[in-house]
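The basis for the numbers below is simple: all heavy atoms, side chains too, and nothing from hydrogens, waters or symmetry mates. Predicted, not measured: the structure shown is a model, and the values here were computed from it.
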Amino acid sequence: MARAIGKTEEIIAPQLMEQVKMHAPDEGPPAVSSDGKGAYREAMLETWGKVPEYGGRGAPPKLPQPGKDWQCLQVIKKRKGGKLESVRIKIIYGDPEEVKAKLGCHTAYIERTNLTSRTMNGRPLIPTNRERGC
């Protein structure tokens with residue numbers, strides 16, 4: 001549905017969410033599983049979030065809020081000395097049991113796919129002047 005190329009998740013996440021919304025403008029955000037950075041959570045709010053109507057008390061709301069049917073979880077990995085020490089699952093949006101059942105509790109398949117893509121789509125090396133014999 002969408003793809004983006006960039007150096008950081010913070011740059012890519014909003015682009016991906018905008019592309020998904022273009023293909024399904026009447027739908028909400030897709031169920032998302034990501035690492036612990038939080039860029040996808042923020043991109044979902046930026047793209048689909050709605051500012052609640054003012055209820056007449058206090059300051060009017062300004063920040064967009066998530067929908068009730070959104071599903072998002074983060075897999076937070078703690079490393080020590082280059083070794084994986086623990087994995088923690090944090091449910092961002094949705095009913096915890098439903099989200100875990102739908103998305104699983106890891107990102108291994110996604111990470112494997114990303115690694116395969118990076119390996120297969122590597123850029124060719126540009127020879128230096130020395131290698132060209134200049």
Interatomic spacing from OG in Ser34 to CG in Leu73 - rounded to 0.5 Å: 7.5 Å

Spell out, yes or no, whether Val99 and Ile89 are grouped together once hydrophobic residues are joined by side-chain heavy atoms under 4.5 Å, including indirect joins. yes

With Glu85 via salt bridge (Lys or Arg N to Asp or Glu O under 4.0 Å) - residues at least two apart: Lys78

Quick check on the hydrophobic clustering: are Ile12 and Val20 connected, directly or via other members, by side-chain heavy-atom contacts under 4.5 Å? yes

Residues pairing under salt bridge (Lys or Arg N to Asp or Glu O under 4.0 Å) where one sits in residues 89-103, two or more places apart or in two chains, turn out to be none

Throw together a table of side-chain donor-acceptor distances under 3.5 angstrom for residues 49-56, partners on residues two or more places apart or in other chains.
| unit_1 | atom_1 | unit_2 | atom_2 | d |
| --- | --- | --- | --- | --- |
| Tyr54 | OH | Gly58 | O | 2.8 |

For Leu84, what residues pass the side-chain contact (heavy atoms from CB on, under 4.5 Å) criterion, not counting sequence neighbours? Lys77, Arg79, Val87

Donor-acceptor list for residues 38-47 side chains, cut-off 3.5 Å, not counting sequence neighbours:
| unit_1 | atom_1 | unit_2 | atom_2 | d |
| --- | --- | --- | --- | --- |
| Thr47 | OG1 | Ala43 | O | 2.8 |

Inter- and intrachain pairs under ring-ring contact (aromatic ring centres under 6.0 Å, His included), touching residues 78-97, at least two apart: Trp70-Tyr93

Heavy-atom pair of closest approach, residues Val75 and Ser33: CG2-OG, 4.2 Å

